[in-house]
K.L.:
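Pasting a structure here, questions to come.
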Amino acid sequence: MPPGARLAELHARVNGWYVREGRDLPWRDADCSPWGVFLSEVMAQQTPLSRVEPVWREWMERWPTPAALATAAPGDAVRAWGRLGYPRRALRLHEAATVMVERHGGNVPDSHEELLGLPGVGAYTAAAVACFAFGEPEVVVDTNVRRVLARAVEGRAFPHLTLTRAESALARDCMPLERERANTWNVAVMELGALVCVARGPRCEDCPVADLCAWNLAGRPAYDGPARRGQAWHGTDRQVRGEILQRLRTAHGPVVLGLLEDAGPDRAQVMRCLDSLVADGLVEPLSRKRFRLPG
DNA sequence: AAGCCGTGGCA
DNA sequence: TTGCCAAGGCT
């Protein structure tokens, strides 16, 4: 990307904006544990932070350390997950806590590589935890960062459908070299994407780099790439799985099959979804006709 | 590597 | 109402 002076200006503006406007989220507190950061990153996957915060507080109070969660039944994690969505994340969090106890002395590992070895942790989460919990200058690329760079640098309304090598390289090249600035930059760009450079209705009037933004300078041209295919919902297995799990969450003990069969209009589909939930470890069959969250 | 995996708010 | 989108990961 741009020559050094332009890049330095970008860093100064974005980092300065973040210091003024960044949200005071609990996992951003200086005294928040790495476990708290780890929890927040997994909960935030594909999930608005407004929904994450109350659940995060409950979990931190109930399971303040990896060891505490590892001691709980996986089903307790699934129930406490509530309706955050993608409940397999709750299961993986429980598994990750177990791995931390067994292989990392009960601590969240501090390297990108070790973090990547944990269930439910991919490139983004590993980088985010290494950076936000341990100060490592990893390249953090999430949907917000991708959108900000697509606009500010590439002059496009949205990034490509999938993360490309070129995008990762661009993100790396845009990061400040100095360690502390790099750490602030990572949160700051994400925050800018979350609050100002949003997907729909970007608030360019409030953007600290509007006069440096390639997309804004080009007159904010419309997105011209391939259509982003939205995911269907009504009638899908995901909807039925969600309904089955919700019934098990709200029940306190085992639930008989008869109370699950009408979780969707198609009984065959419901049975298929029940099987897939069992296969995923989200549901435990006590017999052919009684089910509960995994104990 | 495209498709699947929840849920709810907002335009 | 319908579709889009949200601090992605896994197969």
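No hydrogens, no waters, no symmetry mates; every other heavy atom, side chains included, goes into these values.
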K.L.:
Enumerate the residues from residues 238-260 of chain A whose closest heavy atom to DNA chain B is under 4.0 Å, giving them by residue number; use none for an empty result.
P.N.:
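Hits under 4.0 Å, by residue number: A:Arg238, A:Arg241, A:Gly242, A:Arg249.
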K.L.:
Rounded to the nearest angstrom, tell me the gap between atom OH in A:Tyr86 and atom P in B:dC5.
P.N.:
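Computing the A:Tyr86:OH to B:dC5:P distance gives 9 Å.
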K.L.:
Taking the basic N atoms (NZ, or NE/NH1/NH2) and the acidic carboxylate oxygens, is any pair closer than 4.0 Å for A:Arg103 and A:Glu114?
P.N.:
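No, A:Arg103 and A:Glu114 are not salt-bridged.
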K.L.:
For this output row, return yes or no: ring centroids of A:Trp63 and A:Trp35 closer than 6.0 angstrom.
P.N.:
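No; A:Trp35 has its ring centre 6.0 Å or more from that of A:Trp63.
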K.L.:
Establish, with yes or no, whether the OP1 or OP2 oxygen of C:dA6 is under 4.0 angstrom from a side-chain nitrogen or oxygen of A:Gln46.
P.N.:
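No, A:Gln46 has no side-chain N/O under 4.0 Å of OP1/OP2 on C:dA6.
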K.L.:
Within the structure provided, determine whether A:Arg249 and A:Arg83 are in side-chain contact (heavy-atom separation under 4.5 Å).
P.N.:
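When only atoms from C-beta onward are counted, A:Arg83 and A:Arg249 do touch, with a gap below 4.5 Å.
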K.L.:
Under 3.5 Å, side chain of A:Arg89 to main-chain N/O of A:Gln45, donor-acceptor pair present?
P.N.:
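Yes; judged by distance alone, with no hydrogens or angles, the pair exists.
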K.L.:
Rounding to the closest angstrom, what is the interatomic distance between B:dG6 and C:dC5 at atom C1'?
P.N.:
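These two C1' atoms come out 13 Å apart once rounded.
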K.L.:
Going by number, which of residues 36-45 of chain A have a non-hydrogen atom under 4.0 Å from DNA chain C?
P.N.:
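Contacting residues: A:Glu41, A:Ala44, A:Gln45.
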K.L.:
Looking only at side-chain N and O atoms, does A:Gln239 offer a donor or acceptor that is under 3.5 Å from a partner on A:Thr236?
P.N.:
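Per modelled atom types, A:Thr236 and A:Gln239 side chains form no pair under 3.5 Å.
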K.L.:
So, is A:Thr143 close to the C:dA6 phosphate, meaning a side-chain N or O under 4.0 Å from OP1 or OP2?
P.N.:
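Checking C:dA6 against A:Thr143, a side-chain N or O does come within under 4.0 Å of OP1 or OP2.
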K.L.:
Could you say whether A:Thr236 or A:Arg200 is positioned toward the 5' end of DNA chain B, judged by the nucleotide with the nearest heavy atom to each?
P.N.:
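Closest to the 5' end, via its nearest nucleotide, is A:Thr236.
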K.L.:
Decide, yes or no, whether a salt bridge links A:Glu191 with A:Arg28 under the criterion of side-chain N to carboxylate O below 4.0 Å.
P.N.:
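A salt bridge links A:Glu191 with A:Arg28.
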